Amino acid sequence: MSSIVEGFGRAFSLILHLDAELLGIILLSLKVSGTALIVATLIGLPLGAFLGFRTLPLKGFIISLLNTFMGLPPVVVGLFIYLLLSRSGPFGFMALLYTPAAMIIAQTILAFPIVSSLSHSAIVAVDPIIKQASMTLGATPFQVSLTIIREARYGIMAGIIAAFGRVMAEVGAILIVGGNIAGFTRVMTTTIALETDKGNFELALALGIILLAISLAINSALHLIQKKGSAGIKR
Amino acid sequence: MNLRLTATHISKSYNGNRVLDDCSFSFDRSGTYALMGPNGCGKSTFLRICALLEEPDAGEINYLSQGHPANKDIRLRRRTTLVLPRVGVFNTTVFRNVAYGLTIRGIRRKEREERVMKVLHFVGLDEKRDQGALTLSSGETQRLGLARALVIEPEILFLDEPTASVDRKNTEIIEDIIMRMKKGGRSTVIITTHDRLQAERLADFLLVIKEGNISADRSPLSF
Ligand SMILES: Nc1ncnc2c1ncn2[C@@H]1O[C@H](COP(=O)(O)OP(=O)(O)OP(=O)(O)O)[C@@H](O)[C@H]1O
Ligand SMILES: [Mg+2]
């Protein structure tokens, strides 16, 4: 019991005297997950919008697929990317395995179904009257689409933030394709796993606390956005 | 009048139920037209078809611009506008709602600002410019719908029940806006209403839709 208390004490002192190595780990986490999120949004939002605006064959199936992929186990994604990027795999020549780029690819795959599926739900939930109103005011079809996306912005942001929460907390995929190389591909979650294994609890705890703090910040932002989005819903 | 609207032999059915049946009318003169008829007779449908938001099953809508047939493209659509009975407010400020039609037409910020402020003043919403538009009362929302349409200075303005679900006071305000617009008078206004007295107050021409057909109202005036 006292060792846990001591552990926390030393963890806090580590956080307070944030050294370069620890800071590097935190920044890499944010960089990898942030980049993955941007790429996932650039792909996922247009796809979600496209599914929302068009009537396509197999649309229902694609949406079910996306919803299923929202819950993809990170280790499975890690394994899949590993096979693609490993030296004997189809993309082995690019030498991406065990680099931050590989980690970004894996997390993009984890994040994009969430962004896409939640954007889609938010877009189809926009009152059809918005489309009519923008048409009556002289919008081109493209401007109509942009207007609908803008109306769905709170739901879309909620999707992006949910995806960010998922990739920040994930360890399975990033460990397999990144390899947890110190100073190169070592991020918060993989460090926690490693240091715990080594019995080095203070560092693991310190990172755990920081991860929790980031997660809390993300969820507060999500809550704020949802509150703002539901303010004055009466048309 | 620069822009003239003619509907010829318009038919429209929904799920096999014929709403408009060989319906023809030519809006030859500028002024205000009031379109009346019982619930479900097809007034809104007729307006949507005239405003080129919906295709008829048969028949044609034609616009003459300075006597020449106009292509039914976005340029023509931008010379008319329809205010829906449920306005369809965008989730942003009153100002941005009103500016919408100007923004999508690529009108510069300074001109946009001047025109929006002028229209907000015209409908009595100048104090509300920075308020979230979704928080407006229903009377104010209806006026917002009018402002959003007026700011683009349409040559033909369709108003679908602008005073439905609005109290007496706001009805008076809205009628006053329409009357002042008439005095400003370049545009043709086509308005649907249930209120016969309102139609008589506002309109130069009374029309009714009956059994899918539109005709000039010949029933005796009710006062
Ligand atoms: N999109 C649609 N799908 C199916 N039926 C429709 C659709 N739009 C209108 N209708 C039907 O067409 C008929 C005419 O509707 P419309 O809205 O034009 O009537 P209205 O004269 O405007 O009535 P009100 O005075 O109640 O506004 C109604 O029976 C309505 O149910
Ligand atoms: Mg109607």
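In the text below, chain A, chain B and the rest are named by the order of the sequence lines, each starting its count at 1. Model, not experiment: these values are computed from the prediction.
Heavy atoms closer than 4.5 Å to chain A are found in the side chain of B:Arg48, but not in its backbone. Within the 4.5 angstrom heavy-atom criterion, atoms from both the backbone and the side chain of B:Leu82 approach chain A. For B:Thr103, no part lies near chain A; criterion is any non-hydrogen pair under 4.5 Å. Within the 4.5 angstrom heavy-atom criterion, no atom of B:Val83 approaches chain A.
Rounded to the nearest 0.5 angstrom, B:Ile74 CD1 and A:Gln143 CD are separated by 7.0 Å. Atom CG of A:Asp127 is separated from atom CG of B:Asn91 by 11.5 Å, given to the nearest 0.5 angstrom. Atom-to-atom distance recorded for B:Glu54:CD and A:Gln132:CD is 8.0 Å, nearest 0.5 angstrom. For the atom pair OG1 of A:Thr140 and CZ of B:Arg78, the computed distance is 6.5 Å after rounding to the nearest 0.5 Å.
Residue-environment remark: OH (B:Tyr14) exceeds the threshold of 12 foreign heavy atoms within 6.0 Å. In B:Phe205, the CZ atom is crowded: over 12 heavy atoms of neighbouring residues, nucleotides or ligands sit closer than 6.0 Å. More than 12 heavy atoms of other shown residues, nucleotides or ligands fall within 6.0 angstrom of atom CD in B:Glu113. The number of heavy-atom neighbours closer than 6.0 Å to CZ of A:Phe8, taken from other residues, nucleotides and ligands shown, is 12 or below. No more than 12 heavy-atom neighbours from other residues, nucleotides or ligands sit within 6.0 angstrom of NZ on B:Lys118. The 12-atom threshold is exceeded at NZ of B:Lys12, counting heavy atoms of other residues, nucleotides or ligands nearer than 6.0 Å. At most 12 non-hydrogen atoms from other residues, nucleotides or ligands lie less than 6.0 angstrom from CZ of B:Arg75. Atom NZ of A:Lys31 sits in a sparse spot, with 12 or fewer heavy atoms from other residues, nucleotides or ligands closer than 6.0 Å.
Between B:Gly88 and A:Ala133 the shortest heavy-atom distance is O-CB, 3.6 Å. In this structure, B:Arg148 and A:Leu137 approach most closely via the heavy-atom pair NE-CD1, 3.5 Å.
In this structure a side-chain-to-backbone donor-acceptor pair under 3.5 Å is present from B:Thr81 to A:Thr136.
Between B:Leu84 and A:Ile129 the shortest side-chain heavy-atom distance falls below 4.5 Å. Inter-residue side-chain proximity for A:Phe142 and B:Ile104 is flagged as unmet; no heavy-atom pair is nearer than 4.5 Å.
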